[in-house]
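Quick note: residue numbers are just sequence positions, from 1.
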Amino acid sequence: MIRAVPSNASDNVCCTLLAQSAVHGVMAGYNGFTVGLVNGRHTYIPFYRITEKQNKVVITDRMWARLLSSTNQPSFMKHDDNHEPNHSGGEAGTMNW
C-alpha cells in the first residue's frame, strides 16, 4: 500500500488482510494475480484484467480535488490550465495512465 500521509491502525489491518489473501491465493496454486477489495470483498484480480485498458483521470474533477486534499498534495495546476484546450488529442483536463 502506498500512502502520502502517515499510516494508522486501520492501514495495518488492511495491509495484513491483503497480504494474507495473497498468500492464500499462491498456496491455492494461483499465479498472475493481485488481491484487492471489490465491493467490500477480498478478491483475486488477474493481471490481464488490470492492464486491459487505460483509465483516464479528469484532473479538473471534484474527486481528483478530494484526493489531493486528503493526501495533502499540491495541485500544480495553474488557473489558466482549466480553460486551455488540450492539443494532445485527448479530452481537455484528462491524464492518461
- Would Gln20 and Val23 count as a side chain to side chain contact (heavy atoms under 4.5 Å, CB included) if you check the C-alpha gap in whole Å, the side-chain angles of each, and the deciding distance to 0.1 Å? CA-CA 5 Å; Gln20 288 175 351; Val23 169; 5.7 Å; no
- Task: Give a yes or no on whether the backbone of Ala65 and the side-chain of Ser69 come within a donor-acceptor separation of less than 3.5 Å.
- Result: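 Answer holds: no.
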- Message: Are Asn39 and Arg41 packed together at the side-chain level, in the sense that at least one heavy-atom pair is separated by less than 4.5 angstrom?
- Response: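 Heavy-atom side-chain distance check fails, nothing below 4.5 Å.
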- Message: Is the shortest side-chain heavy-atom distance between Ile45 and Phe33 below 4.5 Å?
- Response: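 No, their side chains stay 4.5 Å or more apart.
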- Message: Let me confirm one number: the OG1-CZ distance from Thr43 to Arg49, rounded to the nearest 0.5 Å.
- Response: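 Going from the OG1 atom of Thr43 to the CZ atom of Arg49 covers 11.0 Å.
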- Item | Leu18 side, atom CG; Leu37 side, atom CG - distance, nearest 0.5 Å |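 The CG atom of Leu37 is 6.0 Å from CG of Leu18, to the nearest 0.5 Å.
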- Item | Hphob cluster co-occupancy, Ile50 + Val38, side-chain heavy atoms under 4.5 angstrom |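 Both belong to a single hydrophobic cluster.
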- Query: Nearest heavy-atom pair of Tyr44 and Val35: which atoms, and what distance?
  - Reply: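 Looking at all heavy atoms of both residues, the shortest contact is CD2-CG1, 3.7 Å.
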- Task: Could you walk me through whether Trp64 and Val58 pass the side chain to side chain contact (heavy atoms under 4.5 Å, CB included) test, one step at a time?
- Result: CA-CA 7 Å; Trp64 181 254; Val58 181; over 6 Å; no
